[in-house]
Amino acid sequence: MSNVRCRIAPSPSGFLHIGTAKTAMYNWLLAKSTGGTFVLRLEDTDAERTDEQYVQAMCEGFRWLGIMWDEGPEFGGEPERGDFGPYRQSQRRELHRGEALRLLSEGKAYKCFCSKEEIEAERERATQEKRPPRYSGKCRNLTPEQTAALEAEGRSFVLRFRVPEGETVIHDLIQGDVRFENKEYDDFIILKANGDPIFHLAVVVDDGHMKITHVIRGDDHLTNAGRHVMLFNALGYPLPKFAHHPLVLDEVGRKYSKRLHGANVLDWREDGYLPETLINYIALLGWTSEEANREFFTLDELKGLFTIERLSKSPARFDRKKLDWLNGQHIRRLSQEELRDRVVPILQKNGLDTGIKSEEWLTRMAGICQEKLPTLNHIVEYADFFFQDIAEYDAKSVLKLWKTDGAIERMRNIQQAMAAIEVWNHDTLKAAFEALTAASGEGLGKFVHPTRLALTGKPVGPGLFELTELLGKEESLARIAKAISYIESLGGTPS
RNA sequence: GUCCCCAUCGUCUAGCCUGGUCUAGGACACCGCCCUUUCACGGCGGCGACAGGGGUUCAAAUCCCCUUGGGGACGCCA
């Protein structure tokens, strides 16, 4: 058991963002690969943007991916776990306040009476004059008398951190040493006028008190890390190790916006992707295995292979095509039973009554589709004909396969051959079709494709003999008969 | 505007730290061919990159600098 403790500290804003998922997974992986502890802490300090429903939605994302926490808040009926709670930032307000006040008493923070409007105006002026927008430090050197006087006036104040002189270095596990001149930071607020802590204070206090040893997070926090290091030092907490990884970029290379489809990891569930696929893909979005030329990983395998050292410094774009490929790989790796269980609900959701078939039959159905499915959702396209009559035949295929000379004769031959089969299975069907081709001297495809059209209404799907066996003799013959009368109704055939 | 980070095929990357083994390897995508009942899978092959410029060095994708490009941060949001 190591003492590694890492955390994911998302702000519950509605759903689990793909970038948050990636950060969470790397932290989880570090914890799991070292026998450490993975903590979930909700950064719900911003009351206006927090809602229990958001928490639920986000945690469902984690749950789907299989990234569970060792310590975390009570949630969805489960009790709080861990000795460092509470795990909701909003419930740690007094601690944050206390630490802020401690900094104040130690002279490491000071009261600032500037109004929001003043600050904003200042910032605007700076931006217009193309200066960096920073707090002027106006209240930094207020005398105790001035402070008392302002307070007596009833002016509200915030607490600002007194940024020390010098330089701050972050020994980042991914980025290397990153140096900041402290001048680059203004005296940032740590406690709002209403007494709530500001993010920077809250994270540092919480990370400190929760004994977090490693902070892996997006490099949008790299500049914040400077503030945090100063705060850790001022508060007298030991410094955790930092690792800032690049953000997930969308397909055009921008920060993956939360408005984009796919920003929510559950969008992918919706689209028929396996959680295994997302795990694998997200891992690859910034990490490579030491073992060269390998892309397929399960969560469990990742657990054994993950090291921070193999995390990449450069940002990666999201590539849908590669995700699709990976999804196919993972689908093919499922057992037929697993695939069945994942695919049946999708059929049901699409109004197909799977209850009319046995479990065993559904397993076989999943099996014959397995090699073909790019996503789980494609099951509808590949197997709907098993559960309902054919509404219409694919027009293009009709033109190509049925609206031709000899189409009817061909179908009748097929009908005859099929009707004559006594033991109805893949092999006997195949033999019957082969006999047909032998007799006609034509390729197998000449018989297979029209039959597929008759049986499924489509040009694509599972292997014909497999599907026909599963459809059953009676139903298959009924559909062939129906197809023949349809072809007849087509009327004259062009030459 | 200021600061920070990044930079190898279209995309994800290996290699870079510890220069020579790199006429730069793999994967996705794309294009051929093969297998084949379509699609998919699989097999084989092809296309395709060290951003540019300066150094350092006998030797640079690998080290240094500049430029360019991309990203991020500058809230009483987190």
Side-chain angles (χ1 to χ4, degrees), chain A residues 9-13 43-46 48-50 89 112 114-116 119-120 123 126-135 156-160 170 172 174-176 178-181 183-186 188-194 196 198-200 202-203 218-227 244 246-247 249 251 253-255 281 284-290 292-296 312-326 328-329 332 369-374 378 382 397 430 433 437 443-449 451-453 458-465:
Chain A
S11 129
S13 54
E43 312 250 300
D44 57 350
T45 313
D46 189 0
E48 282 174 31
R49 292 205 309 213
T50 298
Q89 205 162 74
C112 168
C114 298
S115 71
K116 250 183 218 179
I119 300 289
E120 220 159 281
R123 195 161 25 231
T127 313
Q128 268 173 8
E129 293 169 14
K130 301 200 184 264
R131 286 182 291 114
R134 292 199 193 111
Y135 173 62
S156 71
F157 61 86
V158 299
L159 248 40
R160 282 185 188 272
I170 295 137
D172 195 282
I174 296 173
Q175 309 289 351
V178 182
R179 328 185 89 85
F180 291 99
E181 293 288 335
K183 300 196 230 336
E184 297 301 330
Y185 298 103
D186 56 7
F188 54 95
I189 295 173
I190 55 175
L191 208 65
K192 302 180 197 177
N194 67 5
D196 283 343
I198 226 66
F199 163 73
H200 302 300
V203 241
D219 68 8
D220 50 339
H221 281 300
L222 194 48
T223 23
N224 288 336
R227 294 190 179 85
H244 290 91
L247 302 172
L249 270 24
E251 306 217 41
R254 304 237 150 225
K255 183 176 174 176
Y281 185 69
L284 257 25
L285 233 37
W287 177 86
T288 44
S289 144
E290 198 163 349
N293 307 335
R294 178 170 171 201
E295 346 259 327
F296 186 94
S312 168
K313 293 179 86 165
S314 49
R317 295 184 191 202
F318 196 92
D319 182 5
R320 175 65 180 273
K321 291 280 178 57
K322 186 142 186 175
L323 180 74
D324 286 347
W325 171 76
L326 256 186
Q329 299 295 311
R332 265 161 238 128
C369 294
Q370 187 158 29
E371 285 296 308
K372 319 258 176 176
L373 295 175
H378 280 80
Y382 277 83
S397 304
K430 189 171 183 212
F433 273 72
T437 63
L444 197 53
K446 289 279 183 199
F447 295 90
V448 164
H449 300 310
T451 309
R452 173 190 299 286
L453 186 58
K458 293 172 208 189
V460 300
L464 180 72
F465 306 129

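Proteins come first, then strands; the chains are lettered A, B, ... in the order of their sequence lines, and each starts at number 1.
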Participant: Write down the partner of B:C16 under the Watson-Crick or G-U wobble criteria, each distance required to be under 3.5 Å.
Facilitator: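 Here B:C16 is not engaged in any pair, so there is no nucleotide opposite it.
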Participant: If only side-chain N and O atoms of A:Arg123 are considered, is one of them under 4.0 Å from the OP1 or OP2 phosphate oxygen of B:G75?
Facilitator: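 So the side-chain polar atoms of A:Arg123 do come within 4.0 Å of the phosphate oxygens OP1 or OP2 of B:G75, strictly under.
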Participant: To the side chain of A:Asp319, which of B:A7, B:C74, B:C28 is closest?
Facilitator: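 For the A:Asp319 side chain, the nearest candidate turns out to be B:C28.
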Participant: Answer with base, sugar-phosphate or nothing: what part of the nucleic acid does A:Ala316 contact at a heavy-atom distance below 4.0 Å?
Facilitator: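 It contacts sugar-phosphate atoms only.
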Participant: Considering only B:U37, B:A29, B:G42, which nucleotide approaches the side chain of A:Phe465 most closely?
Facilitator: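 Selected nucleotide (nearest to the side chain): B:U37.
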Participant: Using only modelled atom types and a 3.5 angstrom limit, is any donor from either the side chain of A:Lys372 or the base of B:C39 paired with an acceptor on the other?
Facilitator: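 Present.
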Participant: Once you apply a heavy-atom cut-off of 4.0 Å, does A:His244 come out as touching a base, just sugar-phosphate, or nothing?
Facilitator: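 The answer is nothing, as A:His244 stays clear of every strand by at least 4.0 Å.
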Participant: Please determine whether a side-chain nitrogen or oxygen atom of A:Lys192 lies at a distance below 4.0 Å from atom OP1 or OP2 of B:C77.
Facilitator: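 It does, given that an N or O in the side chain of A:Lys192 lies less than 4.0 Å from OP1 or OP2 of B:C77.
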Participant: Determine which nucleotide pairs with B:A73, using a 3.5 Å limit on both distances of a Watson-Crick or G-U wobble pair.
Facilitator: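 Its partner is B:U2 (Watson-Crick or G-U wobble, both distances under 3.5 Å).
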Participant: Categorize A:Glu290 for me: base, sugar-phosphate, or nothing, with a 4.0 angstrom heavy-atom threshold over every strand shown.
Facilitator: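 If one applies the 4.0 Å heavy-atom cut-off, A:Glu290 turns out to touch nothing in the nucleic acid.
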Participant: Would you say a side-chain N or O of A:Arg254 is under 4.0 Å from OP1 or OP2 of B:G71?
Facilitator: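 Yes, within the criterion.
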Participant: Between B:U56 and B:A61, how far is it from one P atom to the other, in whole Å?
Facilitator: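 B:U56 and B:A61 have their P atoms separated by 16 Å.
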Participant: Would you say a side-chain N or O of A:Thr288 is under 4.0 Å from OP1 or OP2 of B:A14?
Facilitator: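 For A:Thr288, the contact criterion (side-chain N or O under 4.0 Å from OP1 or OP2 of B:A14) is met.
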Participant: Of the candidate nucleotides B:A73, B:G25, B:C39, which contains the atom at the shortest distance from the side chain of A:Asp220?
Facilitator: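 Of B:A73, B:G25, B:C39, B:A73 is nearest to the side chain of A:Asp220.
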Participant: In whole Å, I'd like the distance from the CD atom of A:Gln175 to the C1' atom of B:G72.
Facilitator: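 After rounding, the reported distance stands at 11 Å.
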Participant: Considering only the P atoms, how many Å lie between B:G15 and B:C30, rounded to the nearest integer?
Facilitator: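 Pairwise P distance, B:G15 against B:C30, rounds to 27 Å.
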Participant: Which whole number of Å gives the distance between the C1' atom of B:A14 and that of B:A27?
Facilitator: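 The answer is 11 Å between these two C1' atoms.
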Participant: Counting only heavy atoms not in A:Glu129, do more than 12 fall under 6.0 Å of its CD?
Facilitator: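 Check passes, neighbour count above 12.
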Participant: Say we look at B:U62 and B:A49: how far apart would their C1' atoms be, to the nearest angstrom?
Facilitator: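 Going atom to atom, C1' in each nucleotide, I get 15 Å.
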Participant: Please name the nucleotide paired to B:A24 by Watson-Crick or G-U wobble geometry with both distances under 3.5 Å, or report none.
Facilitator: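 Pairing partner, where one exists within any strand: none, as none qualifies.
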Participant: How many Å lie between CZ on A:Arg227 and C1' on B:G72, as a whole number?
Facilitator: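 The answer, rounded to whole Å, is 13 Å.
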Participant: Describe the nucleic acid contact of A:Asn224 in one word from base, sugar-phosphate, nothing, applying a heavy-atom distance below 4.0 Å.
Facilitator: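 Base: the residue A:Asn224, judged by heavy atoms under 4.0 Å, touches a nucleobase.
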Participant: Measure from the side-chain N and O atoms of A:Tyr382 to the backbone N and O of A:Gln370, and report whether any donor-acceptor pair falls under 3.5 Å.
Facilitator: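 No; judged by distance alone, with no hydrogens or angles, the pair does not exist.
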Participant: Do A:Arg317 and B:U11 have a side chain to base donor-acceptor pair shorter than 3.5 Å?
Facilitator: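 Under the 3.5 Å cut-off, the side chain and the base do not form any donor-acceptor pair.
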Participant: Let's see if you can work this out: which of B:A7, B:G72, B:C76 has an atom nearest to the side-chain heavy atoms of A:Val158?
Facilitator: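 Closest of the options to the side chain of A:Val158: B:C76.
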Participant: Suppose you measure atom P in B:C47 against the same atom in B:C3; what distance do you get, rounded to whole Å?
Facilitator: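 Their P atoms lie roughly 45 Å apart.
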Participant: Got A:Asp319 and A:Glu251 here, is their nearest side-chain heavy-atom distance under 4.5 Å?
Facilitator: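 They are in contact (side-chain heavy atoms under 4.5 Å apart), so the answer is yes.
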Participant: For the side chain of A:Glu295, starting at C-beta, report the closest nucleotide among B:U37, B:A78, B:A27.
Facilitator: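 Within the option list, the nearest is B:A27.
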Participant: A:Pro133 near the nucleic acid: base, sugar-phosphate alone, or nothing, with a heavy-atom cut-off under 4.0 Å?
Facilitator: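 Since a base atom lies under 4.0 Å of A:Pro133, the category is base.
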Participant: Starting at atom NZ of A:Lys116, determine the distance to atom P of B:C77, rounded to an integer number of angstrom.
Facilitator: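 Going from A:Lys116 (NZ) to B:C77 (P), I get 6 Å.
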Participant: Using purine N1 to pyrimidine N3 plus N6-O4 or O6-N4 for Watson-Crick, or N1-O2 and O6-N3 for G-U wobble, both under 3.5 Å, which nucleotide pairs with B:U56?
Facilitator: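 By the stated definition (distances under 3.5 Å), nothing pairs with B:U56.
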Participant: At under 4.0 Å between heavy atoms, what does A:Leu464 touch on the DNA or RNA strands: base, sugar-phosphate, or nothing?
Facilitator: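 Result for A:Leu464 = base.
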Participant: Closest approach to the side chain of A:Lys313, judged atom by atom: which nucleotide of B:C5, B:C28, B:U37 is it?
Facilitator: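 The closest nucleotide is B:C5.
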Participant: Rounded to whole angstrom, note down the P distance from B:C35 over to B:G26.
Facilitator: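 It comes out at 25 Å once rounded to the nearest Å.
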Participant: Tell which nucleotide pairs with B:A7, taking only Watson-Crick or G-U wobble pairs whose two distances are both under 3.5 angstrom.
Facilitator: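 B:A7 is paired, partner B:U68.
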Participant: If I take atom CD1 in residue A:Ile198 and atom P in nucleotide B:C76, what distance separates them, rounded to the nearest angstrom?
Facilitator: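 After rounding, the reported distance stands at 6 Å.
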Participant: Describe the nucleic acid contact of A:Cys114 in one word from base, sugar-phosphate, nothing, applying a heavy-atom distance below 4.0 Å.
Facilitator: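 Base contact - A:Cys114 has a heavy atom under 4.0 Å of at least one base atom.
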Participant: Checking all strands, does A:Gly463 fall into the base, sugar-phosphate, or nothing category for heavy-atom contacts under 4.0 angstrom?
Facilitator: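 It contacts base atoms.
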Participant: Given that both distances must come in under 3.5 Å, which nucleotide forms a Watson-Crick or G-U wobble pair with B:C30?
Facilitator: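 Checking every strand shown, B:C30 finds its partner in B:G46, with both distances under 3.5 Å.
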Participant: Quick check: do A:His200 and A:Ile190 have side-chain heavy atoms less than 4.5 Å from each other?
Facilitator: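 No, side chains not in contact.
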Participant: Could you let me know what B:U36 is paired to, Watson-Crick or G-U wobble, both distances under 3.5 Å, or none if it's on its own?
Facilitator: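 B:U36 is unpaired by these criteria.
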Participant: Would you kindly give the CG-to-P distance between A:Leu249 and B:G72, to the nearest whole Å?
Facilitator: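 Rounded to whole Å, this separation is 7 Å.
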Participant: Would you say NZ of A:Lys446 has more than 12 non-hydrogen atoms from neighbouring residues, nucleotides or ligands within 6.0 angstrom?
Facilitator: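 Check fails, neighbour count at 12 or below.
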Participant: Donor-acceptor check, side chain of A:Gln175 to backbone of A:His244, threshold 3.5 angstrom: yes or no?
Facilitator: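 It does hold such a pair.
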Participant: If you check the A:Lys322 side chain, which of B:C28, B:A78, B:C5 turns out closest?
Facilitator: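 My answer, after comparing the listed nucleotides, is B:C28.
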Participant: Under 4.0 Å between a side-chain N/O of A:Lys255 and OP1 or OP2 of B:A73, yes or no?
Facilitator: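 Yes, within the criterion.
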Participant: Can you tell me, in whole Å, how much space there is between the P of B:C65 and that of B:C4?
Facilitator: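 About 13 Å, rounded to a whole number of Å.
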Participant: Does a side-chain N or O from A:Gln370 land closer than 4.0 Å to OP1 or OP2 of B:C39, or not?
Facilitator: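 Answer no for this pair, as no side-chain N or O of A:Gln370 is under 4.0 Å from OP1 or OP2.
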Participant: Touch check for A:Gly461, heavy atoms < 4.0 angstrom, all strands: base, sugar-phosphate only, or nothing?
Facilitator: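 Base contact - A:Gly461 has a heavy atom under 4.0 Å of at least one base atom.
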Participant: With rounding to whole Å, what would you report as the distance between B:C16 and B:G43 at their P atoms?
Facilitator: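 Per the computed distance, 29 Å lies between those P atoms.
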Participant: Look at all strands and tell whether A:Leu373 reaches a base, only sugar-phosphate, or nothing, counting heavy atoms closer than 4.0 Å.
Facilitator: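 If one applies the 4.0 Å heavy-atom cut-off, A:Leu373 turns out to touch nothing in the nucleic acid.
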Participant: Mapping A:Arg332 and A:Tyr135 to their closest nucleotides on RNA chain B, which lands nearer the 5' end?
Facilitator: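 Comparing both residues, the 5'-ward one is A:Arg332.
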Participant: Return no unless some side-chain N or O of A:Gln89 is found under 4.0 Å from OP1 or OP2 of B:A78.
Facilitator: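 So the side chain of A:Gln89 is outside the cut-off, no N or O lying under 4.0 Å from OP1 or OP2 of B:A78.
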Participant: As a test of reading the structure: which of B:A27, B:A78, B:G72 is closest to the side chain of A:Thr223, going by heavy atoms?
Facilitator: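 Looking only at side-chain atoms, A:Thr223 lies closest to B:G72.
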Participant: Would you say A:Arg332 has more than 12 foreign heavy atoms packed within less than 6.0 Å of its CZ?
Facilitator: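 Buried by this count: over 12 neighbours within 6.0 Å.
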Participant: Tell me if a side-chain donor or acceptor on A:Asp186 pairs with a main-chain N or O of A:Tyr135 at a distance below 3.5 Å.
Facilitator: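 Checking the backbone N and O of A:Tyr135 against the side chain of A:Asp186, a donor-acceptor pair under 3.5 Å is found.
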Participant: Check this for me: does the side-chain of A:Lys430 come within 3.5 Å of the base of B:U37 through a donor and an acceptor?
Facilitator: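 Side chain to base: no pair below 3.5 Å.
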Participant: Looking at the side chain of A:Ser314, which of B:C6, B:C5, B:A29 is the nearest nucleotide?
Facilitator: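 Nearest listed nucleotide: B:C6.
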